[in-house]
Amino acid sequence: MSKEKPSIPKGTRDFGPAVVVKRNYIFGVIKRTFEKFGYLPLETPAMEQLSVLTGKYGDEGDQLIFKILNSGDFLSKTTAADIEQGSKQLTRKISEKALRYDLTVPFARFVVMNRNEISFPFKRYQIQPVWRADRPQRGRYREFYQCDADVVGTNSLLCEAEIVQMIDEVLSTLGMTDFTIKINHRGILAGIAEAIGEKGREGDICVAIDKLDKIGAEGVRKELQDRGIAEGAVDKLEPLYDLKGSNAEILDQLQTLLGSTEEGQRGLKDLREVWEYLDNLGSYALSTQNPSGKLRLQLDVTLARGLSYYTGCIFEVKVNNANMGSISGGGRYDNLTGMFGMPGVSGVGFSFGVDRIYDVLEELQLFPASSEVGTKVLIVQFDKEAERYALPLLQKLRDAGIASELYPEAAKLKKQMSYADQKKIPFVLLIGSEEMASGKLKLRDMQTGEQDELYIDDIIAQLKAEAK
RNA sequence: GUGGUUGUAGCUCAGUUGGUUAGAGCACCAGAUUGUGAUUCUGGGGGUCGUGGGUUCGAGACCCAUCUUCCACCCCA
């Protein structure tokens, strides 16, 4: 026997029964919503060919990919020269597979591999864990779940509008009442860059602006200057930070500022179209008021979401009454499958951060009691004879759809009762010699402590009524 | 990847400038109560002080390494 204390790898977690039940509740709401909007599930393997993943997330991303050591004698194909050339060269020789880093690249790979079977537009959702060799922090793990929904093969902005609808529906169903869906457009950002005289520099501008919440206008100014943006340009940029008014008013202000730029025009046209779709859908996101007064759907020109592959609309969701980063985000990308040699497929997608949503629901105490499944009734037994008597009743309860268990041995009553107590089983059924003689069983309500003597059919009826 | 931080019972934490046998609350187990949990009373079990080295007559405390936790960057969900 080893004395070694068991442990799990850094940045990973066990989920106990109570946590899994709550997580499944969140997954359930998300799945039902995705399916209601015509998205179908997809699953891909935990591991991909390393070559499929490398180069897709930038140099930094490549370092964060968990590589899988080749099985067998993984050194057999390497030479001393390989080792001398360093870890990059060596990695290719000793590792051919890697753990999935996100769900988007495997999705693109799937689309390309199955292009002839798929009918476009192709709408899929995917809820699976991904792995990153990142340094963990609160809300950041090395293994975590992503819930992606993407549609590829159409340019229609209806998809963008429906993303807003799905986000609104999922979060509302989960009981959140104060959240803001921020929306922006890469065209707007490009237009801004052009309008302030820094055409083509929107990448640098985005990275800096994205930090506005965190480091403030002064910090952003410094970061922009470090990145080589002219001071005059920054002066022109800053008024955009706090554009006032409704979304329509902001759009009008942007029209005068960016109307002359081609990219800005494209962004404004797209955004107006999204709003028109939402309007005609009768979107709750347009009509619902947040208690904090912040708009439910907010055009925010400072939303940048890194640089990555987004080319059109971009989204991000912030919960206003909880201390948490964005819990959902996404956007449109023009050329997702281009990396696998299939150009010209436009797509738009977004993702929920389940771990963060969990923390928010916990913080705001929004998990409903009904999300906690569990045994409804425990049959307590006194001896072998009572056990035999109880077995058909147990089956009858289960046939009636009532989650029930029989304590598997004739332990002390105290032990059996406290088992029910700790497992939060709301009812206990006591079967002893008196009960067997009369056929009337004692049903104890563990919350009130009240006990009734009832026939089994009445008990089933009562428990079923209770379940509603 | 850079800089910092944390680790003592199942959990939350005390533990004096290094000095007997490392404590508390909660939790757990048993009894008070052989047909009744959660409340009450009484008793009990449980710690190689994250791990490995080092300094010292003596280390939970000091030094080094390593793992882990959390935080700020980087980046991201």
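Within every chain, numbering begins at 1; the chains are lettered A, B, ... in the order of the sequence lines, protein sequences first and strands thereafter. Just so you know, these numbers come straight off a predicted model, no measurement behind them.
Heavy-atom nearest nucleotides on RNA chain B were determined for Ser326(A) and for Glu223(A), and the one closer to the 5' end corresponds to Glu223(A). Place Ile327(A) and Ile8(A) on RNA chain B by their nearest nucleotides, and Ile8(A) ends up nearer the 5' end.
For Phe382(A) and rG35(B), the ring-to-base geometry does not satisfy the stacking test (centroid distance below 5.5 Å, interplanar angle below 30°).
Going from the C1' atom of rA9(B) to that of rC64(B) covers 28 Å, rounded to whole Å. Taking the C1' atom of each, rG44(B) and rG35(B) are spaced 27 Å apart, rounded to whole Å.
Remark: P of rU33(B) and CE of Met417(A) are 18 Å apart, rounded to the nearest angstrom. Distance Gln63(A) CD to rU2(B) P: 11 Å, rounded to the nearest Å. Taking atom CG on Leu303(A) and atom P on rC76(B), their separation rounds to 13 Å, with Å as the unit. Glu316(A) has its CD atom 11 Å from the C1' atom of rC76(B), to the nearest Å. For the pair Asp62(A) CG and rG1(B) C1', the computed distance is 14 Å after rounding to whole Å.
Taking the side chain of Leu430(A) as heavy atoms from C-beta on, and the options rU36(B), rG37(B), rC75(B), the nearest nucleotide is rU36(B). Among the nucleotides rG35(B), rU68(B), rC74(B), the one closest to the side chain of Glu60(A) is rC74(B). Comparing rC76(B), rG37(B), rC74(B) by their closest approach to the side chain of Gln137(A) singles out rC74(B). With rC73(B), rC28(B), rA77(B) as the choices, the nucleotide that has an atom nearest any side-chain atom of Lys214(A) turns out to be rC73(B). Each of rG37(B), rC76(B), rG31(B) was ranked by its minimum atom distance to the side chain of Asp421(A); first place goes to rG37(B).
Between the side chains of Thr54(A) and Asp62(A), no donor-acceptor pair is found at a separation under 3.5 Å.
Using a 4.0 Å cut-off, some side-chain N or O of Lys10(A) falls inside it from OP1 or OP2 of rU68(B). For Lys211(A) and rA72(B), the shortest distance from a side-chain N or O to OP1 or OP2 is not below 4.0 Å. The phosphate of rC28(B) has OP1 or OP2 within less than 4.0 Å of a side-chain N or O from Gln422(A).
One N or O donor and one acceptor, one from the side chain of Arg135(A) and one from the base of rG3(B), sit under 3.5 Å apart. Between the side chain of Gln451(A) and the base of rU36(B), a donor-acceptor pair under 3.5 Å is found. For Glu435(A) and rG35(B), a side-chain-to-base donor-acceptor distance below 3.5 Å is present, hydrogens and geometry of angles not being considered.
In this entry rU2(B) has rA72(B) as its Watson-Crick or G-U wobble partner, both defining distances falling under 3.5 Å. Summarising the base pairing, rG23(B) is matched to rC13(B) through a Watson-Crick or G-U wobble pair whose two defining distances lie under 3.5 Å. Base pairing annotation: rU66(B) forms a Watson-Crick or G-U wobble pair with rG50(B), both donor-acceptor distances under 3.5 Å.
Ring geometry, Phe107(A) versus Phe122(A): the interplanar angle falls under 30°, so the pair is classed parallel (tilted spans 30 to 60°). In this pair, Phe27(A) and Tyr145(A) present their aromatic rings tilted. The plane angle is within the 30 to 60° band.
Taking every heavy atom of both residues into account, Gln128(A) and Glu43(A) meet most closely at OE1-CA, 3.3 Å.
Remark: aromatic rings of Phe66(A) and Tyr101(A) are distant, center separation not under 6.0 Å.
Within the 4.0 angstrom heavy-atom criterion, base atoms lie near Lys442(A).
The pair Asp168(A)-Arg296(A) meets the salt-bridge criterion, with a side-chain N (NZ, NE, NH1 or NH2) lying under 4.0 Å from an Asp/Glu carboxylate O.
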